[in-house]
Trainee: 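Can you read through this structure? Questions will come right after.
All residue numbers refer to positions in the sequence shown, counting from 1.
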Amino acid sequence: MIARHPSRFRVAALTANRQVDELAELGKLHRPDYACVADASLAPRLHERLAGAGLGCKILAGEAGLVEVASLPGIDCVMAAIVGAAGLRATLAAARAGKKLLLANRTSAGGRGPVFMQDGASRGRCCCP
């Protein structure tokens with residue numbers, strides 16, 4: 001959808017748990033300001049891949065990096081698609097920051113829904129698949 005409508009949408013940040021090569025390919029396509037890999041040991045490889053493609057985006061890593069990109073100012077929507085609990089803290093941070101959440105995994109959409117409600121994170125709007 002984003003690639004088909006570049007005049008309507010812009011990718012500010014891309015994240016992945018461990019799939020650095022796929023993240024780098026998406027980076028080449030969307031040219032984000034930020035890229036983050038949850039597995040911090042893979043950050044040097046991500047930096048190498050993106051720098052080699054001529055992208056000057058800021059590289060972040062670990063859970064703190066995921067939280068940072070999920071709460072960036074000026075961002076309207078955050079898609080939560082990291083499987084399992086790895087992306088849960090970042091998803092909560094996005095909700096607390098009032099972002100529109102696009103939940104693309106069952107952990108956030110179903111299994112942890114009550115956590116969002118109890119935590120007061122429901123200030124963000126949620127669009128579940």
Side-chain angles (χ1 to χ4, degrees):
M1 172 77 123
I2 293 172
R4 291 193 320 217
H5 300 284
S7 63
R8 292 182 60 198
F9 302 105
R10 182 181 167 287
V11 175
L14 289 170
T15 68
N17 191 15
R18 298 186 46 85
Q19 296 182 324
V20 171
D21 295 334
E22 291 84 351
L23 180 60
E25 289 303 312
L26 287 172
K28 291 177 197 175
L29 176 64
H30 296 292
R31 307 192 71 77
D33 298 324
Y34 296 84
C36 179
V37 61
D39 183 338
S41 70
L42 297 172
R45 183 171 164 198
L46 176 61
H47 182 270
E48 179 182 298
R49 290 288 316 271
L50 293 176
L55 297 176
C57 62
K58 182 176 180 181
I59 307 296
L60 301 171
E63 190 174 45
L66 293 173
V67 167
E68 183 176 337
V69 297
S71 359
L72 287 170
I75 303 302
D76 299 324
C77 297
V78 172
M79 178 179 287
I82 295 177
V83 178
L88 187 58
R89 186 167 164 231
T91 304
L92 286 168
R96 287 186 195 114
K99 309 298 182 189
K100 182 177 183 180
L101 295 176
L102 308 171
L103 302 177
N105 64 51
R106 288 181 286 183
T107 302
S108 298
R112 299 287 187 217
V115 172
F116 285 97
M117 301 310 281
Q118 290 172 354
D119 192 69
S122 59
R123 289 186 301 267
R125 296 177 298 166
C126 177
C127 297
C128 300

Trainee: Minimum heavy-atom separation for Cys36 to Gly65, with atom names?
Mentor: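 Residues Cys36 and Gly65, closest heavy atoms: SG-C, 3.5 Å.
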Trainee: Give every donor-acceptor pair under 3.5 Å between a side-chain atom in residues 43-55 and any protein atom, sequence neighbours left out.
Mentor:
{"from": "Arg45", "atom 1": "NH2", "to": "Asp21", "atom 2": "OD1", "distance (Å)": "2.9"}
{"from": "Arg45", "atom 1": "NH2", "to": "Asp21", "atom 2": "OD2", "distance (Å)": "2.6"}
{"from": "Arg49", "atom 1": "NH1", "to": "Asp21", "atom 2": "OD1", "distance (Å)": "2.5"}
{"from": "Arg49", "atom 1": "NH2", "to": "Glu25", "atom 2": "OE2", "distance (Å)": "3.1"}

Trainee: Looking at every non-hydrogen atom in both residues, tell me the closest pair between Gly27 and Pro32 and how far apart they are.
Mentor: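 The pair with the smallest heavy-atom distance is O-CD, 3.5 Å.
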Trainee: Measuring from Lys99:NZ to Ile75:CD1, what's the distance to the nearest 0.5 Å?
Mentor: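 Interatomic distance, Lys99 NZ to Ile75 CD1, rounded to 0.5 Å: 6.0 Å.
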Trainee: Within the structure provided, determine whether Arg10 and Asp33 are in side-chain contact (heavy-atom separation under 4.5 Å).
Mentor: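 They are in contact (side-chain heavy atoms under 4.5 Å apart), so the answer is yes.
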Trainee: Which atoms form the tightest heavy-atom contact between Thr91 and Leu103, and what is the distance?
Mentor: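 Shortest heavy-atom separation between Thr91 and Leu103 comes out as CG2-CD2, 3.9 Å.
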Trainee: For residues Leu60 and Val67: do they belong to one hydrophobic cluster (side chain heavy atoms under 4.5 Å, members Ile, Leu, Val, Met, Phe, Trp, Tyr)?
Mentor: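 Looking at the clustering, Val67 is in a separate group from Leu60.
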Trainee: Could you measure the distance from the CG atom of Leu23 to the NE2 atom of His30? Nearest 0.5 Å is fine.
Mentor: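 Answer for the CG-NE2 pair, Leu23 versus His30, is 10.5 Å.
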Trainee: Are Phe9 and Val11 linked, directly or through other ILVMFWY residues, by side chains that come within less than 4.5 angstrom of each other?
Mentor: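 Yes, because Phe9 and Val11 connect within a single hydrophobic cluster, where side-chain heavy atoms sit under 4.5 Å apart.
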Trainee: Determine the minimum heavy-atom distance between Ser71 and Ala93, stating which atoms define it.
Mentor: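 Looking at all heavy atoms of both residues, the shortest contact is OG-CB, 3.9 Å.
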Trainee: Less than 4.5 Å apart, any side-chain heavy atom of Arg18 and any of Leu42?
Mentor: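 Answer yes - side chains close enough.
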Trainee: Examine Leu26 and Ile2 and state if one hydrophobic cluster contains both, with Ile, Leu, Val, Met, Phe, Trp and Tyr joined whenever side-chain heavy atoms are less than 4.5 Å apart.
Mentor: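 They do share one cluster, since a chain of ILVMFWY contacts under 4.5 Å joins Leu26 to Ile2.
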